[in-house]
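For reference, the structure discussed in these notes is given below.
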Amino acid sequence: MTDRLDIEVADAAGAANVKADPPKRKVFTRTYGCQMNVYDSERMNDVLAPQGYSVTEDLADADLVILNTCHIREKAAEKVYSELGRIRKVKEERALAGKDMMVGVAGCVAQAEGEEISRRAPIVDMVFGPQSYHRLPKLLEEAASGKKVVETEFDIDAKFEHLSERAARPVQKRPPAAFLTVQEGCDKFCTFCVVPYTRGAEVSRSVAQIVAEAEQMAAGGVREITLLGQNVNGWHGEAPDGKTWGLGRLLRRLSEIDGLDRLRYTTSHPRDMDDELIDAHRDLKTLMPYLHLPVQSGSDKILAAMNRKHTRDEYFRLIDRIREASPDIAMSCDFIVGFPGETDQDFEDTMDLIRRVEYGSAFSFKYSQRPGTPGATMADQVPEDVKSARLAELQALVTSQQTAFNASRLGMTCDVLFERKGRNPGQLVGKSPWLQPVPVDAPEALIGTIQAVEIVEIGSNSLFGRLVAGHHASNGSSHDVIKEAAFDA
Ligand code: SAM
Ligand code: SF4
């Protein structure tokens, strides 16, 4: 176990490259979309700390506002423009009080729309894509001189280099569960998806870079790492042995890191689930029994039109192999309803696939036409009301499966990693091995520890539990011993 009291804890402002007494300022960051954006937003705050910025949750208090955006569906982009309208009012109020406010739009909407953003919303001072945030201090300087900044270069190597420099800095105290980006971009070009255009070609970080960052995170108190990538299981990185490793091999290496007890990865593509990765689910106690493996549709015709390059039968065979390796695994998925040309029968094929697989959870979306993608101009676009009806039907099925999966945990004792205080006094919230939140009455000292918890009640998303004093977790557990001595309930 990592003794967190002995860690040299540097606050963010104590990191390298500190300029002499930068003025104290506040940054308000709003994050849209996927976990990769959450990770990027955290790194933006890291980059800004040596510039004198601390994080505020209060928009009116912010000298700098950053919207880290998502372009995956139309609604996501529209949300950004309506948020910019709200920010304009706050900026005007601050101006009346003689206070400045700089506004930046980052992420995939910035990458896709570039200058169009400051044209549509003139309050925006900086527009920068997901590969540019490490250049924020420079961009801020340019914006402060009155220039409208637009930075949408694809310089992924420079971004990864920046992340590695960060790993060489003094250890910072970190939350118990955190993300680590290992791969960015996508070469698969599914016909509905903007990612290959907004995030660029697929690039993997090297084993040395990832291990250094993971070691630093573990030293800072991180017990669970979720490896991130648009196609995370397509990761293939240069290794110290001169070979190219796949994700299964990387997970084996990361599971050797002291203090790192739990590993997850997301999001995966069915075509990249190789034997080594499936074996890792069988062999590694650190690898949690949860897998998000989107199929999008259960119809072979729609899968082909989406350019997914696999069939429903291949997906079923894959699920069988995964469940053979890890029988208790919670399967998760993404579905799109109403892709162009989807008939009632195609939709029924999707429902049939869901019934056969039985998911622990799933995300589902109405198809959204994205400009520049092949799907946007395909014939036979599905009417909105049909999409809505199909989505409601699919979500009802998935919810019933999720409820059944959660109900099957009732009475089990499992390991829970406590991450934060809960809503009620005296309550902590942690994650089960299958990724459900678990509220438990427990002392605050247990945050950052893994404890055996008996599941006593089931909510729609959560499992409610109680601490099991002196009991070793026995079901669905990644560990067979309780490692912490802090138990004093
Ligand atoms: N790489 C992952 C994969 O291959 O499944 C998906 C990553 S994508 C960022 C997340 C999810 O957004 C997709 O799985 C898909 O279900 C959904 N999505 C992407 N484009 C969409 C669109 N045009 N309309 C609706 N949903 C979309
Ligand atoms: Fe988008 Fe995923 Fe397809 Fe890549 S594999 S194009 S990220 S849906």
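Just so you know, ligand 1 is whichever comes first in the structure, and atom 1 is the first atom listed for that ligand. Note that these values count all heavy atoms, side chains included, but never hydrogens, waters or copies made by symmetry.
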Salt-bridge present (K387, E384; N to O < 4.0 Å) = yes
Please confirm if an N, O or S atom belonging to C186, backbone or side chain, lies less than 2.8 Å from atom 3 (Fe) of ligand 2.
-> no
Is it true that the NZ or CZ of R409 lies under 6.0 Å from the centre of W434's six-membered ring and within 45 degrees of the ring axis?
-> yes
Atom indices of ligand 2, in the order listed, that fall short of 4.0 Å to a heavy atom of N231 | 4 (Fe), 5 (S)
Please confirm whether R356 makes a cation-pi placement over F316, using NZ or CZ under 6.0 Å from the six-membered ring centre and within 45° of the ring normal.
-> yes
Proximal atoms of ligand 1 relative to R73 (non-hydrogen, under 4.0 Å) = 12 (O), 17 (C), 18 (N), 24 (N), 25 (C), 26 (N), 27 (C)
of all protein heavy atoms, closest to atom 19 (C) of ligand 1 is I72 CG1, 3.3 Å
F192: numbered ligand 2 atoms lying under 4.0 Å from its heavy atoms = 8 (S)
Do Q436 and N461 meet the criterion of a side-chain donor-acceptor pair at a distance under 3.5 Å?
-> no
Report yes if the side chains of V222 and L180 come closer than 4.5 Å at any heavy-atom pair, otherwise no.
-> no
Which bit of Q296 is near ligand 1, meaning a heavy atom under 4.0 Å away: side chain, backbone, both or neither?
-> side chain
Could you see which bit of F189 sits under 4.0 Å from ligand 2, with heavy atoms only: side chain, backbone, both or neither?
-> backbone
With R30 as the cation and F28 as the aromatic partner, state whether NZ or CZ is under 6.0 Å from the six-membered ring centre and within 45° of the axis.
-> no
Check whether any heavy atom of R308 sits under 4.0 Å from an atom of ligand 2.
-> yes
Under 4.0 Å from one or more heavy atoms of K188, ligand 2 contributes atoms 5 (S)
Per atom 3 (C) of ligand 1, closest listed option by heavy atom (R308, K188, Q230) | R308
Which ligand 2 atoms does H269 reach within 4.0 Å, using its non-hydrogen atoms?
-> 5 (S)
Near P294, which atoms of ligand 1 are under 4.0 Å from a heavy atom of that residue?
-> 5 (O)
closest protein heavy atom to atom 1 (Fe) of ligand 2 is C193 SG, 2.3 Å
Any cation-pi pair here, R120 with Y81, using under 6.0 Å and within 45°?
-> yes
With ring pair (Phe, Tyr, Trp, His ring centres under 6.0 Å) as the test, would you mind laying out the steps for H281 and Y265 before giving the verdict?
-> CA-CA 11 Å; H281 278 278; Y265 59 95; 5.6 Å; yes
In ligand 1, the atoms that come under 4.0 Å of a heavy atom of H269 are 4 (O)
Closest to atom 24 (N) of ligand 1 among protein heavy atoms sits S368 N, 3.0 Å
Would you mind finding which of T267, T266, D334, V194 brings a heavy atom closest to atom 14 (O) of ligand 1?
-> D334
What protein heavy atom sits nearest atom 6 (S) of ligand 2, and how far off is it?
-> C190 N, 3.3 Å
Evaluate the side-chain proximity of V386 to F347: yes if any heavy-atom separation is below 4.5 Å, no if none is.
-> no
Mind checking whether K366 has a heavy atom under 4.0 Å from ligand 1?
-> yes
May I ask you to identify the nearest protein heavy atom to atom 20 (N) of ligand 1, giving residue, atom name and distance to one decimal place in Å?
-> F192 CD1, 3.3 Å
Nearest heavy-atom contact between P439 and L463 is CD-O, 3.1 Å
Are E314 and P270 close enough that some pair of their side-chain heavy atoms sits under 4.5 Å apart?
-> no
Heavy-atom closest contact (R312 atom, D300 atom, distance) = N-OD1, 2.8 Å
Please identify which atoms of ligand 2 are closer than 4.0 Å to at least one heavy atom of P196.
-> 6 (S)
